[in-house]
**Q** 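I'd like to ask some things about the structure below.
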Amino acid sequence: MVFSTYPTILNTIEKSLDGEGKRLFTPGHFDLIIVDESHRSIFKKYRAIFEYFDTILVGLTATPKSEVDRNTFDFFEVENGVPTYAYSYDEAIKDNYLVPYYNFEIESKFLTDGIVYDELSKEDQERLEDEALEQTGEFQGDYSATEVNSIIYSTDTIDHVLRELDQNGIKTHNGDSLGKTIIFAQNKKHAYLIEDRFNLLYRSSKGKKARVIVSSDQHALHLIDQFKFSDGEPDIAISVDMLDTGIDVPAMC
């Protein structure tokens with residue numbers, strides 16, 4: 001049984017094809033190849049791996065792609081939109097592997113419509129100019145809804161969301177604490193700004209209740225371990241591409 005990353009296995013194949021070094025794997029070496037996250041890297045240069053090996057190929061994914069140039073169904077030679085086997089979200093809930101989620105939407109004008117410079121007061125125009133120059137080094141005037149919190153950060157919007165979370169979030173410990181919560185930030189700069197705003201709004205909880213958890217932080221794994229315990233801190237994990245998948249926190253609200 002062989003476990004490998006795409007680059008490593010591709011490197012062994014390329015050495016075999018160009019005659020350099022010992023041939024580690026022949027085209028018929030494996031009886032079965034299982035590809036995890038098979039919607040991602042099986043296209044383009046890594047496709048050569050699956051063209052080289054003559055074997056049964058099984059792909060696993062929660063999010064198959066059906067774009068013209070990245071079609072998971074075409075790649076595995078099955079009917080478009082019809083996987084060989086599917087285990088649905090509803091089935092997983094019924095079997096107690098997953099719990100259902102409930103959507104509670106909070107809207108703000110900036111997040112819905114973006115920022116239109118001419119519609120702002122003179123004071124807010126000056127604030128926008130200052131923040132844009134500080135955050136990006138340039139001021140472009142108007143900002144679309146998708147650019148809010150990715151290019152320009154509205155501290156008022158962050159404060160609004162944090163207050164809504166504090167007031168309406170699920171409480172634990174007889175209503176004394178906010179349940180375990182993940183805030184997904186756009187990027188690290190956005191994440192640390194959210195943490196700063198939380199610490200300003202809730203000074204008594206500064207540095208304890210809400211923490212940024214990103215891969216570049218040497219304390220990230222320790223913070224995750226603490227976050228998993230219902231009695232541990234932080235209660236709020238502010239994450240960037242780290243707690244999206246592969247995390248198991250039964251206490252999560």
**Q** Could you check whether any side-chain N or O of Q140 sits under 3.5 Å from a backbone N or O of D142, counting only pairs where one atom can act as donor and the other as acceptor?
**A**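 Judged by distance alone, yes, a pair lies under 3.5 Å.
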**Q** Going through the checks in order, is the side-chain hydrogen bond (donor to acceptor under 3.5 Å, both in side chains) test met by E129 and Y117?
**A** CA-CA 9 Å; E129 292 170 12; Y117 181 76; 2.3 Å; yes
**Q** Taking C-beta and beyond as the side chain, do F198 and I238 meet within less than 4.5 Å on heavy atoms?
**A**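 No, their side chains stay 4.5 Å or more apart.
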**Q** Using a 4.5 Å cut-off on heavy atoms from C-beta on, say whether the side chain of H190 contacts that of F184.
**A**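 A side-chain contact under 4.5 Å is absent here.
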**Q** Quick check on salt bridge (charged side-chain N to carboxylate O under 4.0 Å, His left out): which of K208, K206, K209 does E233 satisfy it with?
**A**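 Exactly one pass, corresponding to K209.
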**Q** Restricting to non-hydrogen atoms, name the atom on E195 and the atom on A210 that form the minimum distance, rounded to 0.1 Å.
**A**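 Shortest heavy-atom separation between E195 and A210 comes out as OE2-O, 3.6 Å.
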**Q** Output the distance between atom OG1 (T155) and atom CG (L162), rounded to the nearest 0.5 Å.
**A**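 Here the rounded value is 11.0 Å.
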**Q** For atom CG of L200, decide whether the heavy atoms of other residues, nucleotides or ligands shown that lie under 6.0 angstrom number more than 12.
**A**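 Counting other residues, nucleotides and ligands, CG of L200 exceeds 12 neighbours.
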**Q** What do the steps show when you test F76 against F50 for side chain to side chain contact (heavy atoms under 4.5 Å, CB included), and what is the final call?
**A** CA-CA 10 Å; F76 289 95; F50 310 107; over 6 Å; no
**Q** Looking only at heavy atoms, which two atoms of M242 and I224 are closest? And how far apart?
**A**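 Minimum heavy-atom contact is CE-CD1, 3.9 Å.
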**Q** If you measure from CG on D159 to CG on L201, what distance do you get to the nearest 0.5 Å?
**A**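 Output value for this atom pair is 4.5 Å.
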**Q** Does atom CG of D31 have more than 12 heavy-atom neighbours, drawn from other residues, nucleotides or ligands, at distances under 6.0 Å?
**A**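 For D31, atom CG is not crowded (no more than 12 foreign heavy atoms under 6.0 Å).
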**Q** If Ile, Leu, Val, Met, Phe, Trp and Tyr residues are connected whenever their side-chain heavy atoms lie under 4.5 Å apart, and connections chain through other members, are L60 and Y46 in the same group?
**A**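 No; Y46 is not reachable from L60 via cluster members.
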**Q** To the nearest 0.5 Å, what is the distance between CD on Q226 and NE2 on H219?
**A**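 That separation rounds to 12.5 Å.
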**Q** Using the rule that two of Ile, Leu, Val, Met, Phe, Trp, Tyr join whenever any of their side-chain heavy atoms come within less than 4.5 Å, decide whether I247 and I213 are in one cluster.
**A**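 Yes, same cluster.
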**Q** Indicate, with yes or no, if I9 and V58 share a hydrophobic cluster defined by side-chain heavy-atom contacts under 4.5 Å among Ile, Leu, Val, Met, Phe, Trp and Tyr.
**A**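 Unlinked, V58 and I9 end up in two clusters.
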**Q** Give the minimum heavy-atom separation between T72 and S38, together with the two atoms involved.
**A**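 Smallest heavy-atom distance, with atoms named: CG2-O, 4.0 Å.
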**Q** Do you know which two heavy atoms are closest between G179 and C253, and how far apart they sit?
**A**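 Distance-wise, the nearest heavy atoms are CA-SG, 3.7 Å.
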**Q** Is a donor on one side and an acceptor on the other found under 3.5 Å between the side chain of N11 and the backbone of P7?
**A**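 Not confirmed, N11 side chain does not pair with P7 backbone.
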**Q** Tell me the closest heavy-atom pair linking E79 and F73, and the distance in Å.
**A**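 Minimum heavy-atom contact is O-CD2, 3.7 Å.
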**Q** How about K189 and L193: do any of their side-chain heavy atoms sit closer than 4.5 Å?
**A**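 K189 does not reach L193 side chain to side chain.
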**Q** Between atom CG of L178 and atom NZ of K180, what is the distance when rounded to the nearest 0.5 Å?
**A**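 Atom-to-atom, L178:CG and K180:NZ are 10.0 Å apart.
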**Q** May I ask you to test the Y202-R163 pair for a side-chain heavy-atom distance under 4.5 Å?
**A**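 Y202 vs R163: side chains touch.
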**Q** Among the clusters formed by ILVMFWY side chains lying less than 4.5 Å apart, do I56 and F53 turn up in the same one?
**A**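 Each belongs to a different hydrophobic cluster.
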**Q** Count the heavy atoms of every other residue, nucleotide or ligand shown that sit under 6.0 Å from CD of Q167, and state whether that count exceeds 12.
**A**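 More than 12 heavy atoms, drawn from other residues, nucleotides or ligands, come within 6.0 Å of this atom.
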**Q** As a test of understanding, state which of L32, V35, I34 forms a side-chain contact (heavy atoms from CB on, under 4.5 Å) with L57.
**A**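 Checked L32, V35, I34 against L57; only one passes side-chain contact (heavy atoms from CB on, under 4.5 Å): V35.
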**Q** Give the intermediate values and the outcome of salt bridge (Lys or Arg N to Asp or Glu O under 4.0 Å) for residues R127 and D130.
**A** CA-CA 5 Å; R127 284 178 56 201; D130 290 343; over 6 Å; no
**Q** Measure the spacing between CD1 of I49 and CD of E14 and express it to the nearest 0.5 Å.
**A**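 Going from CD1 on I49 over to CD on E14, the span is 9.0 Å.
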**Q** Could you check if a side-chain atom of I194 sits within less than 4.5 angstrom of a side-chain atom of R197, using non-hydrogen atoms only?
**A**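 I194 vs R197: side chains apart.
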**Q** May I ask you to test the R211-I236 pair for a side-chain heavy-atom distance under 4.5 Å?
**A**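 R211 does not reach I236 side chain to side chain.
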**Q** Taking everything shown except F229 itself, do over 12 heavy atoms lie less than 6.0 Å from its CZ?
**A**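 It does not: F229 CZ has 12 such atoms or fewer within range.
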**Q** Do the ring centers of Y52 and F25 come within less than 6.0 Å of each other?
**A**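 No, the ring of Y52 stays outside the 6.0 Å limit from the ring of F25, centre to centre.
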**Q** Distance from D113 atom CG to S144 atom OG, nearest 0.5 Å?
**A**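 The distance works out to 11.0 Å.
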**Q** Is there side-chain contact between D156 and H160, with at least one heavy-atom pair below 4.5 Å?
**A**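 No, side chains not in contact.
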**Q** Any chance you could lay out the side chain to side chain contact (heavy atoms under 4.5 Å, CB included) test for F75 and R47, step after step, and finish with the verdict?
**A** CA-CA 9 Å; F75 185 90; R47 191 183 188 103; 3.3 Å; yes
**Q** How about NE2 on H222, more than 12 heavy atoms from neighbouring residues, nucleotides or ligands closer than 6.0 Å, or not?
**A**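 It does not: H222 NE2 has 12 such atoms or fewer within range.
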**Q** Would the number of heavy atoms belonging to other residues, nucleotides or ligands and lying under 6.0 Å from CD1 of I93 be above 12?
**A**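 Enclosed: over 12 neighbouring heavy atoms sit under 6.0 Å from CD1 of I93.
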**Q** When hydrophobic residues are tied together by side-chain contacts of less than 4.5 Å, even through go-betweens, does I13 share a cluster with F30?
**A**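 Per the 4.5 Å side-chain linkage, I13 and F30 are co-clustered.
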**Q** Compare every heavy atom of T181 with every heavy atom of F227, then report the nearest pair and how far apart it is.
**A**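 Closest approach of F227 to T181: CZ-O, 3.5 Å.
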**Q** Answer yes or no: is there a side-chain heavy-atom contact under 4.5 Å between L165 and I183?
**A**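 Side-chain contact under 4.5 Å: yes.
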